[in-house]
Protein chains: 4
Amino acid sequence: MSATSKGQNKREALVKATIKLVNNNGFHATPMSKIAKMAGISPGTIYLYFENKQNLINQVYIEVKASFSDFAFMDYEEHFSVEKGFEKIWKNIAVFKLKEVEEAMFLSQCDNTPMIDEPSRKEGLKHLQPLLDLWVRGQNEGIIKQVSPYMLYAFSIYPIAFLMNMQQRELYELSSTHVDEAYKMAWNSIKI
Amino acid sequence: MSATSKGQNKREALVKATIKLVNNNGFHATPMSKIAKMAGISPGTIYLYFENKQNLINQVYIEVKASFSDFAFMDYEEHFSVEKGFEKIWKNIAVFKLKEVEEAMFLSQCDNTPMIDEPSRKEGLKHLQPLLDLWVRGQNEGIIKQVSPYMLYAFSIYPIAFLMNMQQRELYELSSTHVDEAYKMAWNSIKI
Amino acid sequence: MSATSKGQNKREALVKATIKLVNNNGFHATPMSKIAKMAGISPGTIYLYFENKQNLINQVYIEVKASFSDFAFMDYEEHFSVEKGFEKIWKNIAVFKLKEVEEAMFLSQCDNTPMIDEPSRKEGLKHLQPLLDLWVRGQNEGIIKQVSPYMLYAFSIYPIAFLMNMQQRELYELSSTHVDEAYKMAWNSIKI
Amino acid sequence: MSATSKGQNKREALVKATIKLVNNNGFHATPMSKIAKMAGISPGTIYLYFENKQNLINQVYIEVKASFSDFAFMDYEEHFSVEKGFEKIWKNIAVFKLKEVEEAMFLSQCDNTPMIDEPSRKEGLKHLQPLLDLWVRGQNEGIIKQVSPYMLYAFSIYPIAFLMNMQQRELYELSSTHVDEAYKMAWNSIKI
DNA sequence: CATGAATGAGTGTTCATTCAT
DNA sequence: CATGAATGAACACTCATTCAT
């Protein structure tokens, strides 16, 4: 195994450990030493990969956000019809939020907390452009409501996070029927 | 001023300070000493009103949640038509989230974070019953979609939180026109 | 009930509470507030009867020591023969240590700990004079060994404390036969 | 110097500092910070060697007790005659109590105080067995009084602690003549 | 690259003491 | 005399970070 990939392994272990521990305890209640232990390395070694704790979190956030975005646009192609394209993206996001629960919860915690600094937040937002583009196209085609993309996001994408939360707390179970129902509600709320 | 009301003042100052500081720094990054200072009392005094830091947060959460619920059902009466009742409640919630930003942000942080213990979470949920009742009535009258209340909540109420977030980060401004638009989208997503 | 005796009651309650709590937790692990609570009064009230915590302990020590000494010389009279006098005193002390366990344990803790200041220690020692006098008389009569009174005390009186300790920890039970045995050993060790 | 021996140094410095400070101030009046300072290390470092303050005290107690026991049976051999064996042990103990005053005082404070937990107390008692065995042998040989070992201990060994106390408070000086006197009194009190 | 012992500033919490009532 | 709310200094303990190995 190459030196880089060994280093890569450690980095990945750190990222995974950070996600899990922050999910369970929150940022400030997860010590670097625990992250190191769960990653199977020494505390001092963290600082070979990340500047400090804040930087570690920021990096993890950016990476998880990127992985989320990649997932969201998997198999999506720009020539899709607006409806088909939206369905693809929406369902990708739903699958991510409901299956990659650890990562989704981590993002949810980061997005509602002062634990990430503003530059990293901005960085994390970059990748949603294709969805915004799709909506603009839809609006031009007279298919999507003429409202701010924030509004579209709030009523079609954001609700998934709530459903994930409920499922996570075992208050609600989302079968695939429910997911279809939900998709219909989402599409319904943004289409004209 | 009576002894009790003096105590009440201090307690309220503590609650206010906790909300503001936790909003800005997160639970684990707001020391008791800072809370005390902002409340204008001595650190030791906190422990006359709250058992410990965890208990302080739990209590504040429960109180803010209660105040939110009170606000949500202000001027609402059970004999209202389903549509009128929903509008009243939805707009109350919107006003709360957009005007009482401090409290709304605090709830948002608590709800996506392991900082509140489970019993307090349960306690905070109690008060939404009238909305659930309204939805059942609507479903019986054939006005509201036959889906789980979690779904109805996710698509009609939860989006408000996102809009608040965006407004708070100054990424988006919600005029009253926007609020009306949003209300229409909300109602649209749950009505048959 | 007169004002003084009401005050006296509180003072006594404080003394009793102090003894019990210090026995169980040690001086520095018994807060004034607990002493007050056990005495059935308010923390502030302690300071009407004692200057501060150190003074409280010192006073309690002196009083318990005095009560111990009184007990030690109960029914003792100076015209007793040396042997009879010693027996009386020794057995008084034994009864005190084995029956007034709370007070005896308190003294034992004070005597082996830096919790009492030196003046109070001296004060507490005053009262043993009659025993010393008896020993001097015994030495003049050729009955008692010609050694320092510290030595006499160490081998005849001090052992009782050990037996009390063992009984207190339920490692050993002292029947009256054992007490007689012990007395014989004590007398044996100091008599010529 | 090896890493372990450096650690050992720190641990020993901590133990020494604890003994000295607890002797002077009592357990609850000696802050961890002072112990650290006297040991020449940082407060946080204590917790690399001991779990917490209670554990620190317990360990120190157990170690000092073990060192005391080792000393007590130095050069003692089981084939010694009962009298010779007892003399050896008694004098060892006397030397320990009169020369290793810090350690002896520490034990004395621990034994009369609720500062040590019960398991550690039990642990500390283990090592006296050879003395008990010697006494049983002596009783079988008709040399030692037929009384409980607690009684034998109380009248022959325990008095040394009192003499140490007095010497420590500079109330009494124990010359080697006095020690011989004392030994005779001790042997006298347990032999038939 | 990696370690992990060591640091020391910072945290939650306690408690002797005061003082307005 | 008595109260008990309020204080704030002091404490035990934690943890991000460093650095000699």
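For C:Ser69 (side chain) and C:Lys65 (main-chain N/O), a donor-acceptor pair under 3.5 Å exists by modelled atom type. Side-chain N or O atoms of D:Asn23 include one that pairs as donor or acceptor with a backbone N or O of D:Phe106 at under 3.5 Å.
Rounded to whole Å, the distance from CE on C:Met38 to C1' on E:dC15 is 17 Å. In this structure, D:Asn25 atom CG and F:dA10 atom P are separated by 15 Å, rounded to whole Å. Regarding B:Leu21, its CG atom lies at a distance of 11 Å from the P atom of E:dG12, rounded to whole Å. One can place CD of D:Gln8 at 14 Å from C1' of E:dA5, the figure rounded to the nearest angstrom. When rounded to the nearest whole Å, the span between NZ of D:Lys34 and P of F:dC13 equals 17 Å. Residue D:Ile35 contributes atom CD1, which lies 10 Å from atom P of F:dC13 at whole-angstrom precision. In this structure, NZ of B:Lys37 is placed 15 Å from C1' of F:dT7, rounded to the nearest angstrom.
Within the structure, every side-chain polar atom (N or O) of B:Lys10 is placed at least 4.0 Å from both OP1 and OP2 of F:dA5. Contact between the side-chain N/O atoms of A:Tyr49 and the OP1/OP2 oxygens of E:dA2 is found at a separation under 4.0 Å.
Residue C:Phe50 is classed as having no contact, given no heavy-atom separation below 4.0 Å to the nucleic acid. Across all strands shown, B:Ile46 has no heavy atoms under 4.0 Å from either base or sugar-phosphate atoms.
Of the C1' atoms belonging to F:dT21 and E:dC1, the separation is 13 Å, rounded to the nearest Å.
Annotation: side chain of D:Val101 is in contact with side chain of D:Met105 (closest heavy-atom distance under 4.5 Å). D:Thr113 has its side chain out of reach of C:Asn112: every pair of non-hydrogen atoms, C-beta onward, lies at least 4.5 Å apart. Using a 4.5 Å cut-off on side-chain heavy atoms (C-beta onward), A:Tyr61 and A:Asp111 make contact.
Applying the salt bridge (charged side-chain N to carboxylate O under 4.0 Å, His left out) criterion to B:Glu123, with sequence neighbours excluded, gives B:Lys126. Take D:Ala29 and apply the side chain to side chain contact (heavy atoms under 4.5 Å, CB included) test, not counting sequence neighbours, and it matches C:His28, D:Asn25. Listed by chain and residue number, B:Phe27, B:Asn52, B:Asn58 satisfy the side chain to side chain contact (heavy atoms under 4.5 Å, CB included) test with B:Gln54 (two or more places apart in sequence, or in another chain).
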Find every protein N or O atom lying less than 3.5 Å from an N or O atom of nucleotides 16-18 of chain F, and list the pairs.
from   : atom 1 : to      : atom 2 : distance (Å)
F:dA16 : OP1    : A:Lys53 : NZ     : 2.9
F:dA16 : OP2    : A:Met32 : N      : 2.4
F:dT17 : OP2    : A:Tyr47 : OH     : 3.1
F:dT17 : OP2    : A:Lys53 : N      : 2.9

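Each of C:Gly40 and B:Leu48 has a nearest nucleotide on DNA chain F; the 5'-most of these lies closest to C:Gly40.
Here E:dT3 is the nucleotide among F:dA2, E:dT3, F:dT7 with the atom lying nearest to any side-chain atom of A:Ile41. Closest to the B:Thr45 side chain, of the nucleotides E:dT7, E:dA2, F:dA6, is F:dA6.
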Go ahead and write out DNA chain F as dot-bracket, 5' to 3': ( ) for pairs within the strand, [ ] for ones crossing earlier pairs, | when the partner sits on another strand, dots for unpaired; Watson-Crick or G-U wobble, both distances under 3.5 Å.
.||||||||||||||||||||
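For the side-chain contact (heavy atoms from CB on, under 4.5 Å) criterion with C:Phe50, the lone passing option out of C:Ile35, C:Ile57, C:Thr18, C:Asn55 is C:Asn55.
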Side-chain donor-acceptor distances from residues 39-47 of chain C under 3.5 Å, at least two apart:
from    : atom 1 : to      : atom 2 : distance (Å)
C:Thr45 : OG1    : C:Ser42 : O      : 3.3

